[in-house]
Amino acid sequence: MDFFNYKDGELYCEGVPAEKIARDVGTPAYVYSKATFLHHYHQIADAFAPLKATICYSIKVCGNIHICRFLAEQGCGFDVTSGGELFRALKAGGDPKKIIYAGVGKTDEEIADGINAGIAAFNLESEAEIENIDRVAASLGKTAIGAIRINPDVDPKTHVKTTTGKKETKFGVDIERARRVFSQYRNLKHLRIAGVHIHIGSPVYEIQPYVQAVEKIVQLIKDLTADGHRIEWFDMGGGFAVNYERPDQALPVTEHARALIPLLKDKPYRLALEPGRYIAGNAGILLTRVLYRKTGGEKKFVIVDAGMNDLIRPTLYEGYHHIWPVKPDAANIPRERSRAFEPADGEIVDVVGPICESGDYLAKGRMLPPTQRGDLLAVFTAGAYGFAMSSNYNNRPRVPEILVDGNEFRIIRRRETLDDLIAAEMV
Ligand code: LLP
């Protein structure tokens with residue numbers, strides 16, 4: 001569900017024609033729908049309300065401070081994974097008591113910043129890190145709070161680069177070792193370990209991996225309690241999938257909640273979730289213009305002004321992003337945004353960017369309506385891990401982020417300039 005729709009023959013974001021935004025701010029540009037962000041945030045919060053779960057938006061997904069700010073105003077917490085993300089969450093007005101800090105390689109400085117900010121918890125990824133956080137907290141004369149990240153060893157059936165909850169990943173502690181690790185560190189003076197954390201992968205399209213993981217952790221918490229540990233919360237991580245290829249591809253989060261609530265209701269510990277993609281994914285598009293067309297052998301190429309530095313998901317994960325003209329001819333107005341929707345007079349093309357790498361593409365072998373130089377294309381479901389993973393590769397200034405709210409839009413991150421490219425080098 002989102003608020004990007006074709007009306008009167010052209011694509012609108014909420015009440016604003018996408019073409020108007022492109023005319024005003026140029027291309028490429030990320031365009032976000034505030035209503036879509038809020039819709040998905042509230043959908044998750046409401047679905048898990050029977051468990052009184054704290055929702056911690058995973059800031060790595062799309063961390064613009066203006067977006068974090070309106071989510072914080074709704075009571076949303078944050079899942080951060082670096083000192084930079086912690087800084088951002090706090091600057092956005094995030095409540096430290098709803099900030100969870102994950103990541104396998106936290107530096108002493110980052111740990112100290114988290115402790116000094118009074119965050120809710122560190123998600124602890126290894127024995128070495130546990131000992132180090134205890135040491136850093138001691139040097140500050142404070143006590144940190146932590147949850148051990150457990151690998152429940154379930155298969156989330158997702159891309160190998162985003163599978164995290166199986167054995168032999170760099171994340172967390174294997175479930176068989178969990179009781180031993182809890183016991184080993186039960187009497188630390190400056191780190192109170194009171195929670196359990198999991199994150200099985202991303203995106204996860206099925207319910208079963210969550211159910212399996214939660215059942216294993218519920219049992220583990222029972223065992224830990226029997227061992228004399230006081231477990232105060234269970235953080236289930238993120239991973240809920242979104243509709244990249246067709247409107248009904250991902251289950252609504254209400255379905256996940258329906259399966260998980262019976263397993264977790266009335267437990268004597270609190271619950272947290274760290275969704276990112278589900279909140280941001282369908283809330284953003286990337287607008288790009290066709291620069292040129294060419295053929296190479298039998299292949300047709302549509303060369304656009306956005307490249308893998310702006311959206312790396314197709315290159316890195318073979319990620320599918322639906323692409324369609326912002327103003328298609330009348331015969332090609334999409335009835336639904338689906339991979340299965342065939343244009344009336346389509347052609348199979350590769351949509352490629354200007355970067356000097358053959359891996360630089362947004363789509364391969366894609367059936368699209370005919371396009372020509374100057375046409376504006378929308379790359380959908382680009383709100384999550386889109387701008388956030390963009391870079392200056394090939395010395396391309398990063399693109400602006402635009403937030404639409406009803407009939408209005410504003411620039412929430414300006415387009416970088418050529419001077420920005422060398423600013424940090426002017427030492
Ligand atoms: N919590 C932890 C500990 C995580 O590592 C992640 C994502 C999340 C929560 C949020 O997961 P989500 O709800 O967004 O699925 N760049 C890849 C995805 C990498 C996921 C990294 N961790 C992509 O574009 O598909």
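Computed over heavy atoms, backbone and side chain alike; hydrogens, waters and symmetry mates excluded. For ligands, and for the atoms within them, numbers begin at 1 and follow the listed sequence.
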For atom 15 (O) of ligand 1, what's the nearest protein heavy atom and its distance?
Ser202 OG, 2.5 Å
Under a 4.0 Å heavy-atom limit, does Glu274 contact ligand 1 with its side chain, its backbone, both, or neither?
both
Can you tell me which portion of Arg149 lies within the under-4.0 Å heavy-atom range of ligand 1? Options are side chain, backbone, both, or neither.
side chain
Indicate, as side chain, backbone, both or neither, the part of Arg313 found under 4.0 angstrom from ligand 1 when only non-hydrogen atoms are considered.
side chain
Is any side-chain heavy atom of Asp79 less than 4.5 Å from a side-chain heavy atom of Glu85?
no
Using a plain distance cutoff, I'd like to know if Tyr317 has any nitrogen or oxygen under 3.5 Å from a nitrogen or oxygen of ligand 1.
yes
Could you go through the side chain to side chain contact (heavy atoms under 4.5 Å, CB included) check for Ser390 and Asn309 one step at a time?
CA-CA 5 Å; Ser390 69; Asn309 72 301; 5.9 Å; no
Run the numbers for me: atoms of ligand 1, each under 4.0 Å from some heavy atom of Pro275, listed by number.
13 (O)
Against heavy atoms of Met389, which atoms of ligand 1 measure under 4.0 Å?
16 (N)
Using heavy-atom distances, let me know which of Lys60, His199, Arg277 sits nearest atom 11 (O) of ligand 1.
His199
Testing the 3.5 Å rule here: is there a donor-acceptor pair between the side chains of Glu131 and Tyr185?
yes
Per-atom contacts of ligand 1 with Ser58, taking only distances under 4.0 Å to non-hydrogen atoms
8 (C), 9 (C), 10 (C)
CZ (Arg258) with more than 12 external heavy atoms under 6.0 Å
no
Do Arg179 and Leu224 pass the side chain to side chain contact (heavy atoms under 4.5 Å, CB included) test, and can you show the C-alpha distance, the side-chain angles, and the key distance before you say yes or no?
CA-CA 6 Å; Arg179 284 171 82 174; Leu224 290 169; 4.0 Å; yes
For ligand 1, which atoms have a heavy atom of Val61 less than 4.0 angstrom away?
14 (O)
With a 6.0 Å cut-off on ring centres, are His321 and Phe380 close enough?
no
Rounded to the nearest 0.5 Å, what separation is found between the CZ atom of Phe341 and the CZ atom of Arg339?
16.0 Å
Quick one: look up the protein heavy atom nearest atom 20 (C) of ligand 1 and list residue, atom name and how far away it is.
Tyr385 OH, 3.4 Å
Are any of the N/O atoms in Gly239 less than 3.5 Å from those in ligand 1?
yes
Measure the acute angle between the ring planes of Tyr320 and His322, then classify it against the limits of 30° and 60° as parallel, tilted or perpendicular.
tilted
Suppose I only count heavy atoms of Gly276 and a 4.0 Å limit; which atoms of ligand 1 are within that range?
12 (P), 13 (O), 14 (O)
From CA spacing to verdict: side chain to side chain contact (heavy atoms under 4.5 Å, CB included), Asn392, Leu421
CA-CA 8 Å; Asn392 291 124; Leu421 291 175; 3.6 Å; yes
Atoms in ligand 1 with a heavy atom of Gly238 nearer than 4.0 Å:
9 (C), 13 (O)
Proximity to ligand 1 by part of Asp79, non-hydrogen separation under 4.0 Å:
side chain
Report yes or no: is the cationic atom of Lys364 (NZ for Lys, CZ for Arg) under 6.0 Å from the centre of the six-membered ring of Tyr361, at an angle within 45° of the ring normal?
yes
